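Below is one structure, written out as structure tokens; comments come after it.
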Amino acid sequence: VRLFADIKTFPKDVATIKIPTENPWVKGTRKVSAKNYGWNADDATECIRKALAAPGDIVVLDKMEGPWRIGSTIEVPGDKTIVFEKGVRVIGTEAAQRANSSACMFVIRKVDNVALIGRGDVQIGWYPDAATRDRFVHEEGGSGIYVDGGQHVLIRDLRVCECGCDGITLGGCHRMTADIWIENVKLDHNARQGMSLCNGADVYIHKVEFTRTGGAQPMAGIDFEP
């Protein structure tokens with residue numbers, strides 16, 4: 001009922017919309033450095049999971065001598081900020097790349113108050129570059145970021161590219177994906193869509209680029225699937 005009432009006041013005056021620069025829902029400042037939980041150049045999946053499970057409000061992925069490699073989905077808990085320091089690359093493991101994994105890299109599933117924030121020149125995507133992605137992706141694979149019924153979510157200052165599915169997917173069938181803020185994000189060379197918006201209320205997308213989408217149908221920059 002509330003959503004139908006909101007339609008009466010849509011669209012909103014852009015001047016009244018203020019996209020946050022930091023996580024506005026979590027006031028804690030306890031930091032956790034993910035590299036201290038067993039960074040492995042070949043597969044850092046468990047390292048990131050342990051850092052997210054540790055007591056702390058902010059999990060920092062530091063710039064390492066190589067990329068942070070993920071072999072399977074990272075479930076992001078609620079009330080958490082992930083900060084990707086300048087120059088960080090998050091890509092798939094070699095096995096995940098060869099298999100064109102259908103997993104999503106970061107999933108925000110039915111939790112609240114999450115922020116994914118880059119500090120400059122940050123890349124998230126299953127493949128390191130366009131040539132490698134084209135080599136392995138011949139059908140739909142996995143997305144970079146999937147918000148599945150998450151609420152109060154901020155995604156900003158990232159490049160999400162070279163994924164076998166979408167750069168960002170907003171979906172979920174059992175809980176409304178709501179109060180989503182996406183700013184200064186580049187969604188480049190993803191196979192299915194730059195972004196799929198399948199379920200969402202109060203979604204704000206500003207200064208986002210949708211470029212070079214191609215590789216798996218329907219290949220849209222942004223795809224609304226109500």
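Just so we're clear, the structure is a prediction, and the values are computed from it rather than from any experiment.
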Taking atom CG of L116 and atom CG of L158, what is their separation to the nearest 0.5 Å?
6.5 Å
Going through the checks in order, is the side-chain hydrogen bond (donor to acceptor under 3.5 Å, both in side chains) test met by N190 and D166?
CA-CA 6 Å; N190 297 294; D166 306 337; over 6 Å; no
I'd like to check T21 versus R156 (side-chain heavy atoms, cut-off strictly below 4.5 Å). Are they in contact?
yes
Can you find a side-chain donor-acceptor pair between D112 and H152 that sits under 3.5 Å?
no
Hey, any chance V107 and I117 share a hydrophobic cluster, counting ILVMFWY side chains that come within less than 4.5 Å of each other, even indirectly?
no
Ignoring hydrogens and angles, tell me if any N or O in the side chain of S196 forms a donor-acceptor pair with the backbone of C198 under 3.5 Å.
no
Residues two or more places apart in sequence or in another chain: which of them pass side-chain contact (heavy atoms from CB on, under 4.5 Å) with T132?
Q97, Y127, P128, D129, F136
I need the minimum non-hydrogen distance between A191 and T213, along with the two atoms involved.
O-CG2, 4.1 Å
Same cluster or not: are V185 and V122 linked, directly or through other Ile, Leu, Val, Met, Phe, Trp or Tyr residues, by side-chain heavy atoms under 4.5 angstrom apart?
yes
Exercise: identify the closest heavy-atom pair between A51 and V59:
O-CG2, 3.6 Å
For P218, side-chain contact (heavy atoms from CB on, under 4.5 Å) partners two or more places apart
R192, Q193, D223
Considering all heavy atoms of both residues, which atom of C165 and which atom of G141 are nearest to each other, and what is their separation?
CB-O, 3.5 Å
Does the side chain of S72 reach to within under 4.5 Å of the side chain of R49, using non-hydrogen atoms?
yes
Min side-chain heavy-atom separation V153-L170 under 4.5 Å
no
Pair D57 + R30: basic N to acidic O under 4.0 Å
yes
Output for pair (K207 NZ, D157 CG), nearest 0.5 Å, gives 10.0 Å
Joint cluster assignment, I82 & W181, ILVMFWY side-chain distance < 4.5 Å
no
Heavy-atom donor-acceptor pair, D62 side chain to S33 backbone, under 3.5 Å:
no
Can you tell me how far apart CZ (F106) and OG1 (T73) are? Round to the nearest 0.5 Å.
10.0 Å
Is it true that a side-chain atom of K35 and a backbone atom of C47 form a donor plus acceptor pair closer than 3.5 Å?
no
Please determine, by modelled atom types, if N113 and D79 share a side-chain donor-acceptor pair under 3.5 angstrom.
yes
Using the rule that two of Ile, Leu, Val, Met, Phe, Trp, Tyr join whenever any of their side-chain heavy atoms come within less than 4.5 Å, decide whether Y146 and V114 are in one cluster.
no
Does any part of the side chain of D179, heavy atoms only, come nearer than 4.5 Å to the side chain of W25, both counted from C-beta?
yes
Between K12 and D202, is there a side-chain heavy-atom distance shorter than 4.5 Å?
yes
I74 side chain near W68 side chain, heavy-atom distance below 4.5 Å:
no
Trace of the side chain to side chain contact (heavy atoms under 4.5 Å, CB included) decision for C161 with Q123:
CA-CA 7 Å; C161 57; Q123 175 179 319; 3.6 Å; yes
Closest heavy-atom pair and its distance - W126, I70:
CZ3-O, 3.2 Å
Residues, nucleotides or ligands: over 12 heavy atoms within 6.0 Å of E94 CD
no
Minimum heavy-atom distance G221-F210, with the two atoms named
O-CD2, 3.2 Å
Show the numbers, then the answer: is there a side chain to side chain contact (heavy atoms under 4.5 Å, CB included) between R159 and D121?
CA-CA 8 Å; R159 188 167 72 254; D121 190 28; 3.9 Å; yes
May I ask you to decide if D43's main-chain N or O and T93's side chain share a donor-acceptor pair within less than 3.5 Å?
no
Within this structure, what is the CG-CE distance for the pair L187 and M195, rounded to the nearest 0.5 Å?
5.5 Å
For A54 against Y37, the heavy-atom pair lying closest together
CB-OH, 3.3 Å
Any donor and acceptor pair, going by atom type alone, linking the side chain of N199 with main-chain N or O of R175 inside 3.5 Å?
yes
Q151 (side chain) donor-acceptor with M176 (main chain) under 3.5 angstrom:
yes
Between S143 (side chain) and I168 (backbone), is there a donor-acceptor pair under 3.5 Å?
no
Do I58 and V26 sit in one hydrophobic cluster, given that two such residues count as connected whenever their side-chain heavy atoms are within less than 4.5 Å of each other, even indirectly?
no
So, taking the atom named CD1 in I222 and the one named CD1 in I205, what distance separates them when rounded to the nearest 0.5 Å?
4.0 Å
Do the side chains of V76 and V111 get nearer than 4.5 Å, heavy atoms only?
no
Rounded to the nearest 0.5 Å, what separates atom OG1 in T45 from atom CZ in R69?
10.5 Å
Among T177, I180, V147, D148, which residue meets the side chain to side chain contact (heavy atoms under 4.5 Å, CB included) test with I108?
V147
Considering only heavy atoms from C-beta outward, does the side chain of K31 approach that of V83 to under 4.5 Å?
no
Starting from the C-alpha separation in whole Å, work towards a yes-or-no answer on salt bridge (charged side-chain N to carboxylate O under 4.0 Å, His left out) for E22 and R119.
CA-CA 11 Å; E22 302 292 334; R119 296 301 191 207; 3.1 Å; yes
